[in-house]
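Quick notes on the structure that follows.
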Amino acid sequence: MTAPLTSLDRPNSYIGRSVPRPNAKRLLAGRGRYVTDLRLPRMLHAAFLRSPHAHARIAGIDVEAARALAGVHLVATGADLARICTPWTGTLDHFKGMISEPQLPLPLDRVVWAGQAVVAVVAESRAIAEDALELIAVDYEELPAVVDLDAARAPDAPLVNPAASSNICFRAQLDSGGVDHAFAAAAHVIEEEFSFGRHTPVTLEPRAMVADYEPDSGMLTVHHATQTPYQFQDLYSRHYGIPEARVRVIAPDIGGSFGMKLHVYHEDMAVVGLSILLGRPVKYVADRIESFVSDIHARDHQVKARMAVDAQGKILAMDVHDATAIGAFSTYPRTSVVEGNQVIRLIGAPYDFKSYRATLEVVFQNKVQTSQYRAVGHPIACAVTERMVDLAAARVGVDPLAMRAGNVIPDDAYPTASPTGYRFEALSHEVCLRRLREIMSYDGLRAEQSELRQRGIYRGIGIATFVEITNPSPAFYGVGGARISSQDGATISLTPSGEVRCAISVTEQGQGTEAIVGQIVADQLGVAQEHVRVLTGDTEVTPHGGATWACRGAGIGGEAALQTARRLKANILEVAGLILQEQPGALDIVDGQVVSVANGQVRLPVAEIARIAYFRSDTLPPGTQAQLTVSHHFAPQGYPFAFTNGVQGCYLEVDIDTGFVKLLKHYVVEDCGRIINPMLVDEQLRGGVVQGLGAALFEECRYGETGQLLNGSLADYLVPMAMEMPDIIIDHVETPTADTILGAKGCGEAGTAAASACVLNAVNDALTPFGASVNAIPITPARVLKSLDRY
Amino acid sequence: MSSAPTELDESDEAVRVRMVVNGRKVACDVAPRVTLVDCLRGQLELTGTHVGCEMGACGACLVQLDGRAVHACLMFAVQADGARIDTIEGLSESGVIADLQAEFHRRNALQCGFCTPGMLINAHELLSQVSRPSREAIRDALSGNFCRCTGYEAIVDAIAAVAEARAAAAQGRGDSSR
Ligand code: FES
Ligand code: FES
């Protein structure tokens, strides 16, 4: 660490300060510009006919009547788009042995999930396009569908992909050694099985894009509601054979993403092709019903776990098996096995034990693809680990908080590694647990709980310790051959009038990327934040980078901004030194003024340097070339990931007559390293927690026997609403990473990582007097009543 | 099947709808099947009103119709004929929700902002009926507004703070007029 980044008393010191987001006022006035809002000249609208079957052969498609409808410009089938788009396969080299079928925008002869897009219509309005869909006749021959996880793994299961020998996509095994020995020697062995339902991100703005191919220049512009414009620039370029420099992807305001909008969707690829075929802008916005059957789903795991514990309650070993079903193929370009891979690698991660064994089995089934959604794998790993810790604590007879305090990796043991090979630079489990005890008034809550139990009120307290993977290096995707960058770049200019403009590759979906980048740049340059303008999300304007995913925006993007700003500042001071006949080292910038370091005396406005450099370079010494624009990239080095950690607590009440769970209060202690804007971090945590609480209690994609999604609307699929959600109390520990100057790590997924684990433990805690136990998520009233033998 | 372009049928014929939108008289020619939200967002280019579910479940499309909050996705535009419609754009310009907007901004009670116009319209409605709602009552009133980003707490805090400030200001006015 080289700079006192948090001395909030000096001017322009924005790192560590809760300042509101400058770009939020527009949104409050209804002046956001989302892709959904966009209208271009000559723009047409696409709609898709979808498969009613989970698995069927396409015997024939009759589109004549649809083509004839007034206002229809194009009806395209799989064959039409296959002529111009090359197929893609969702595998990566570092997942040895994984398989997946090649995909095209629209299928040629077989559909593999109910809701898959089969035929595209482009018309003058969405309504006309939808009218035309009704005139299309598709002749299907139904094939046996593989619907649930166990059925998919059965030896005689029908094949999701007939060219494969089984429904297995990927298998992985981890073994640190010594597991059998540890179990044989253990005083207690705890076993449990878990199931985690499928859920789906439900961003309030659905997927949306406008593809605009201009045939004369051969230029493709895609206005795309995505987190990762550079990734899509690369994909559209390669799959449609357009030079990269002629593909521009613009991500304007985006109504939520959470990982969902960084995957390749068949419709999105199709829309690009439709625009190429027509030479006109084509817009597609998924409606809510389409979103439910075509956005990625997530989770869907069945986990068997065993834990060996000694007589004093020390964890000795864990042995787990995770089976997860991902849909009919693996998602492109990030695959669908990252979640399972992270589940088996994150289980047990907060705890100090040596012997670990895990098996992962990833299987295909005839449902929509699952893939990375906020907190990828963490909620599963955390729920399994933390429930096992609670069961062990109960078996040994120790309090759950004490059990954790006795087993987490001690704060003075770093650097160290997990039994699965994750390397930890510095975590703070012990201090986080102590803080949680305080902010929860843990002992008081326990007393209240036992007092209320006497009166027939059943409250539960749940604790969940977690680690979170942030700031990923190329070890995440790059090594597997994916053209997904782990570096980010910034271009910062001092404008002629002395303002600052920063174009950066990390993107904004409301989390506050632009705000924190502005804070960092203003802080490092020594100017007021209102003089810094931040641009994101346009491949033609911003440098190439990884953009925003896996909690890398602050840690990697922030460091890129910091290093670039420091370079620009050095350049500004060099020119200032020439003008003032001073050593640059004797000068500094404070509040937009060049000052003397020695006495703080104001020497010259930065705006004056800009004026001289841009308009009166003749007055500078001969040979001077002022560089007031600096481009600079930062790729993480050192640790492959910057792990963060924390602990959550949950207090709730279970109505044992109805099975309803009332969340009373939620607590988070989080350590994401250097905090740039405490308010924004807290709001990331709150939003993340609530997504995890939704998963814990409500959210589940329910399927019928034939593979039809039964609850695919916002009236049937339950999401967390204000009424059911608790207030969330937050505290922080700051352990900056030494891998960067900034020291920031990610925080966007921490809330989601542990929230459902907390609820699972709290519900089980409430049910203790009944000897009942719940091991499935979501914890619906029916499941609670079933555990009580009341249903 | 005939190969001649199918004729547009009568049900698509446009109907003239007259409304007062954000204080201005407008006339739109819309097909009977066009919803109010599509008319506002499409023909009138008032894109601050959003669409999240098209079935009355998410609250993204709330607008004021004759002073009361309604789901613009659940009405046909023709049903709004003769009505006064106020959208987020109009309410912003008139300044009636400026205090709510400032408090949302100060507390970061929005992230992506897609739910925000609906939240503000609902909050405005609540505060026009109950001057000092409890946190419980605020959460209850928001139970038809889905927000995937914020976790709701900052929104509840912002509305509660504005309610307090408005009540205090009203009291102040009462005192000085005595
Ligand atoms: S779009 Fe009207 S309530 Fe969701
Ligand atoms: S701020 Fe994104 S949905 Fe509410």
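Worth knowing before you read on, the calculation uses all heavy atoms, side chains too, and leaves out hydrogens, waters and symmetry mates. Below, chains carry the letters A, B, ... as their sequence lines are ordered, and counting in each starts from 1.
Ranked by non-hydrogen atom pairs under 4.5 Å with chain B, the options A:R21, A:E724, A:R33, A:Q511 are led by A:R21. For the options A:L693, A:D287, A:L28, heavy-atom pairs under 4.5 Å to chain B are most numerous at A:L28. In terms of heavy-atom pairs under 4.5 Å with chain A, the best-connected choice from B:C112, B:G48, B:G113 is B:C112. Per-residue counts of heavy-atom pairs under 4.5 Å with chain B were compared for A:R67, A:Q691, A:E508, A:R31; the largest is that of A:Q691. Heavy-atom pairs under 4.5 Å with chain B peak, among A:L204, A:V689, A:V719, A:D253, at A:L204. Chosen from A:P201, A:A515, A:G751, A:S18, the residue pairing most often with chain B at heavy-atom distances under 4.5 Å is A:P201. Considering only heavy-atom pairs separated by less than 4.5 Å from chain A, the leading option among B:E136, B:R107, B:Q101 is B:Q101. Per-residue heavy-atom pair counts under 4.5 Å with chain A were compared for B:D157, B:T116, B:D140, B:L142, and the maximum is reached by B:D140.
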Intermediate values then yes/no, salt bridge (Lys or Arg N to Asp or Glu O under 4.0 Å), A:R26 and B:E89: CA-CA 11 Å; A:R26 260 178 334 107; B:E89 289 90 346; over 6 Å; no
Audit row: B:E153, A:E683, side chain to side chain contact (heavy atoms under 4.5 Å, CB included) steps and yes/no: CA-CA 9 Å; B:E153 188 170 334; A:E683 289 309 305; 5.9 Å; no
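Remark: A:R288 engages no residue in a salt bridge (Lys or Arg N to Asp or Glu O under 4.0 Å) (not counting sequence neighbours). Among residues two or more places apart in sequence or in another chain, the side-chain hydrogen bond (donor to acceptor under 3.5 Å, both in side chains) test is passed with B:Q43 by none.
Here the straight-line distance linking atom CD1 of A:I289 with atom CD of B:E54 works out to 8.5 Å at 0.5 Å rounding. With rounding to the nearest 0.5 Å, the separation of CG in B:N145 from CE in A:M723 is 14.0 Å. Rounding to the nearest 0.5 angstrom, the gap separating the CZ atom in B:F114 from the CG atom in A:L27 is 11.0 Å.
Residue B:H50 touches chain A through its side chain alone, counting heavy-atom pairs closer than 4.5 Å. Of the atoms belonging to A:P726, it is backbone heavy atoms, and not side-chain ones, that fall under 4.5 Å from chain B. Contact of B:V51 with chain A is made through the backbone alone, with heavy-atom distances under 4.5 Å. Contacts between B:T47 and chain A at a heavy-atom distance below 4.5 Å involve backbone atoms as well as side-chain atoms. At a 4.5 Å heavy-atom cutoff, B:D38 makes no contact with chain A through either its backbone or its side chain. Looking at A:M679, only its side chain comes within 4.5 Å of chain B, counting heavy atoms on both sides. Looking at B:S143, the atoms closer than 4.5 Å to chain A (heavy atoms on both sides) sit in the backbone and in the side chain alike. In this structure, the portions of B:L110 lying under 4.5 Å from any heavy atom of chain A include both its backbone and its side chain.
Side-chain contact check for A:R686 versus B:T150: every heavy-atom pair is 4.5 Å or farther apart.
Not one N or O on the side chain of B:Y152 forms a donor-acceptor pair closer than 3.5 Å with the backbone of A:G687. Counting only distance, with no hydrogens or angles, the side chain of B:R139 and the backbone of A:A722 share a donor-acceptor pair below 3.5 Å. Not one N or O on the side chain of B:R148 forms a donor-acceptor pair closer than 3.5 Å with the backbone of A:G256.
Nearest heavy atoms, B:M55 versus A:L714: SD-N, 4.0 Å. The minimum heavy-atom distance linking B:P117 with A:G30 is given by the pair CG-CA, 4.4 Å. A pairwise comparison of heavy atoms in B:G144 and A:M721 identifies C-CE, 3.8 Å as the closest pair. Contact detail for B:G151 and A:V690: the closest heavy-atom pair is CA-CG2, 3.4 Å.
Between B:E45 and A:R39 a salt bridge is recorded (basic side-chain N to carboxylate O distance below 4.0 Å). Using a cut-off of 4.0 Å between Lys/Arg side-chain N and Asp/Glu carboxylate O, A:D727 and B:R135 are scored as salt-bridged.
Judged purely by distance below 3.5 Å, without hydrogens or angles, the side chains of B:Q111 and A:Q684 pair a donor atom with an acceptor atom.
Annotation for B:R24: atom CZ does not count as buried by contact number, only 12 or fewer foreign heavy atoms lying within 6.0 Å. Atom CZ of A:F660 has 12 or fewer neighbouring heavy atoms from other residues, nucleotides or ligands inside a 6.0 Å radius.
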